[in-house]
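Worksheet: one structure, shown below.
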Amino acid sequence: MSGKLTVVVGPMYSGKTSTLLSMIEIYTLGKKRIKVFKPVIDDRYSSDHVVSHSGQMAEAINVYDSSEIKEIVSKEKGKLDAIFIDEINFFDENLLRIVEEIIFSGVDVFCVGLDLSYKHRPFAVTANLMAAADEVIKKKAVCHICGEYNATVTHRISGPTDSEIDIGGMEKYIAVCRDCYKKLNAKDWG
Ligand code: ADP
Ligand code: TMP
Ligand code: MG
Ligand code: ZN
């Protein structure tokens, strides 16, 4: 039987990594055989753990790109029930093809990451995985400006950058609702 692809997206602080950790716990309690991956680039809290903003964590394998995931999963042929991937927005676009091969081989895949950059542009790798998913979960955060539980986007507070990829936390980014985002970015979206 084919595996299932679940993709969890949303702005920063919306509980994507926490959701991944809950699913990891459920599979671990069920004695399922799993592997957890994260991109090397994200070394905010730990290089060998997936860590949520509230400090919960699980061991993870650091990978440089999606081909490393393919290599590691191929070696485990038939011996895995599920894999978990944090921060899919940092991966190359080959991740889609690799995840498709993994679900067709009977392994469940849980992916989490940002759907939109702070510029309100989709991360292509996330968008592609959402298209192929059996289930897409869109999470919300509390808006850092108005306090409502309706933040769907991330605003950069430390000025624009050339690249839409820039690791960071509260010192650089806040979660906001669309109305607050519009006010904060009136120059682009007003
Ligand atoms: P994500 O991976 O989506 O960035 P995490 O799962 O790592 O999110 O972190 C979620 C945690 O972040 C929440 O449980 C809460 O403790 C904390 N947090 C900080 N700011 C906010 C916010 N504005 N809205 C919701 N949770 C927040
Ligand atoms: P998080 O969703 O688990 O909070 O992590 C998001 C990471 O992505 C964090 O390191 C900041 C980074 N990031 C970007 O590189 N570009 C962006 O546009 C945004 C919003 C975040
Ligand atoms: Mg996270
Ligand atoms: Zn708001």
Side-chain angles (χ1 to χ4, degrees), residues 6-26 36-66 83-93 95 109-127 129-130 133 135-185 187-189:
T6 306
V7 179
V8 182
V9 299
M12 288 183 68
Y13 321 107
S14 62
K16 301 182 298 295
T17 301
S18 305
T19 303
L20 194 76
L21 290 168
S22 301
M23 293 313 303
I24 291 170
E25 185 177 17
I26 286 165
V36 183
F37 298 98
K38 71 186 277 272
V40 163
I41 180 177
D42 183 9
D43 57 358
R44 272 176 305 174
Y45 295 116
S46 162
S47 59
D48 51 5
H49 287 80
V50 164
V51 186
S52 75
H53 290 291
S54 53
Q56 289 165 306
M57 61 176 85
E59 260 182 55
I61 304 168
N62 254 303
V63 289
Y64 281 93
D65 58 22
S66 59
I83 67 159
F84 300 81
I85 313 171
D86 200 5
E87 306 282 14
I88 50 173
N89 45 288
F90 290 139
F91 279 93
D92 52 285
E93 286 188 38
L95 185 63
V109 179
F110 291 85
C111 293
V112 322
L114 296 168
D115 41 3
L116 294 173
S117 77
Y118 74 93
K119 292 185 177 169
H120 212 282
R121 296 271 62 90
F123 282 103
V125 58
T126 309
L129 284 161
M130 287 167 77
E135 187 179 10
V136 176
I137 301 169
K138 280 217 174 204
K139 308 278 291 177
K140 290 177 299 180
V142 176
C143 174
H144 283 245
I145 302 292
C146 70
E148 296 300 316
Y149 181 45
N150 60 0
T152 53
V153 284
T154 311
H155 172 66
R156 188 176 162 92
I157 49 178
S158 56
T161 47
D162 290 338
S163 165
E164 279 168 83
I165 290 188
D166 184 28
I167 304 291
M170 293 282 184
E171 76 292 354
K172 288 185 188 161
Y173 300 102
I174 55 172
V176 287
C177 71
R178 210 180 294 282
D179 288 343
C180 291
Y181 184 86
K182 191 179 161 190
K183 284 180 206 147
L184 291 164
N185 297 277
K187 168 169 76 57
D188 302 313
W189 301 98

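Only heavy atoms go into these numbers, but all of them, side chains included; no hydrogens, no water, no symmetry mates. When a ligand or atom number is given, it counts from 1 through the structure's own listing order.
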More than 12 heavy atoms from other groups under 6.0 Å of NZ on Lys119: yes
Would you say NZ of Lys182 has more than 12 non-hydrogen atoms from neighbouring residues, nucleotides or ligands within 6.0 angstrom? no
Using a 4.0 Å heavy-atom threshold (strictly under), name the region of [X] that reaches ligand 1: side chain, backbone, both or neither.
| X | answer |
| --- | --- |
| His144 | side chain |
| Ala151 | neither |
| Met170 | side chain |
| Ala141 | both |

Quick one: which ligand 1 atoms are inside 4.0 Å of a heavy atom on [X]?
| X | result |
| --- | --- |
| Met12 | 4 (O) |
| Ser18 | 5 (P), 6 (O), 9 (O), 10 (C) |
| Pro11 | 3 (O) |
| Ser54 | 16 (O) |

When only distance counts, is Ser52 in polar contact with ligand 1, meaning an N/O pair under 3.5 Å? no
Would one find an N or O of Val142, backbone or side chain, under 3.5 Å from an N or O of ligand 1? yes
Heavy atoms only: which of Met170, His120, Glu164, Lys172 is nearest to atom 17 (C) of ligand 2? Glu164
Side chains of Leu20 and Val8, heavy atoms from C-beta outward: is any pair under 4.5 Å? no
Hey, does Thr19 have a side-chain heavy atom less than 4.5 Å from the side chain of Val112? no
For ligand 2, which atoms, with element, lie under 4.0 Å from some heavy atom of [X]?
| X | answer |
| --- | --- |
| Asp166 | 11 (C), 12 (C), 13 (N), 14 (C), 15 (O) |
| Ser117 | 18 (O) |
| Gly168 | 9 (C), 10 (O), 11 (C) |
| Phe90 | 7 (C), 8 (O), 12 (C), 15 (O) |
| Ile165 | 15 (O) |
| Leu114 | 2 (O), 6 (C), 8 (O), 13 (N), 19 (C), 20 (C), 21 (C) |

Determine whether any heavy atom of Glu87 lies closer than 4.0 Å to an atom of ligand 2. yes
Looking only at the side chains, is there a donor atom on one of Thr126 and Asn89 sitting less than 3.5 Å from an acceptor on the other? no
Which distance, rounded to the nearest 0.5 Å, do you find between the CE of Met57 and the CD1 of Ile24? 12.5 Å
Once rounded to the nearest 0.5 Å, what's the spacing between atom OG1 of Thr152 and atom CG of Leu116? 8.0 Å
Any nitrogen or oxygen of Met12 lying under 3.5 Å from a nitrogen or oxygen in ligand 2? Just yes or no. no
Any N/O of His53 closer than 3.5 Å to an N/O of ligand 2? yes
What part of [X] sits under 4.0 Å from ligand 2 if we count only heavy atoms: the side chain, the backbone, both or neither?
| X | result |
| --- | --- |
| Asp86 | neither |
| Lys119 | neither |
| Ile167 | both |
| Lys16 | side chain |

Closer than 3.5 angstrom, by distance alone: can the side chain of [X] be matched with the main-chain N or O of [Y] as a donor-acceptor pair?
| X | Y | value |
| --- | --- | --- |
| Tyr13 | Tyr173 | yes |
| Lys172 | Ile167 | yes |
| Ser52 | Ser18 | no |

Contact between ligand 1 and [X] is defined here as a heavy atom of the residue under 4.0 Å from a ligand atom; is it met?
| X | result |
| --- | --- |
| Gly10 | no |
| Ala175 | no |
| Cys143 | no |

I'd like to know if the Mg ion (ligand 3) has an N/O/S atom from Thr17 within less than 2.8 Å of it, counting both backbone and side-chain atoms. yes
Run Thr161 and Tyr118 through side-chain hydrogen bond (donor to acceptor under 3.5 Å, both in side chains) and show every step you take. CA-CA 10 Å; Thr161 47; Tyr118 74 93; 2.7 Å; yes
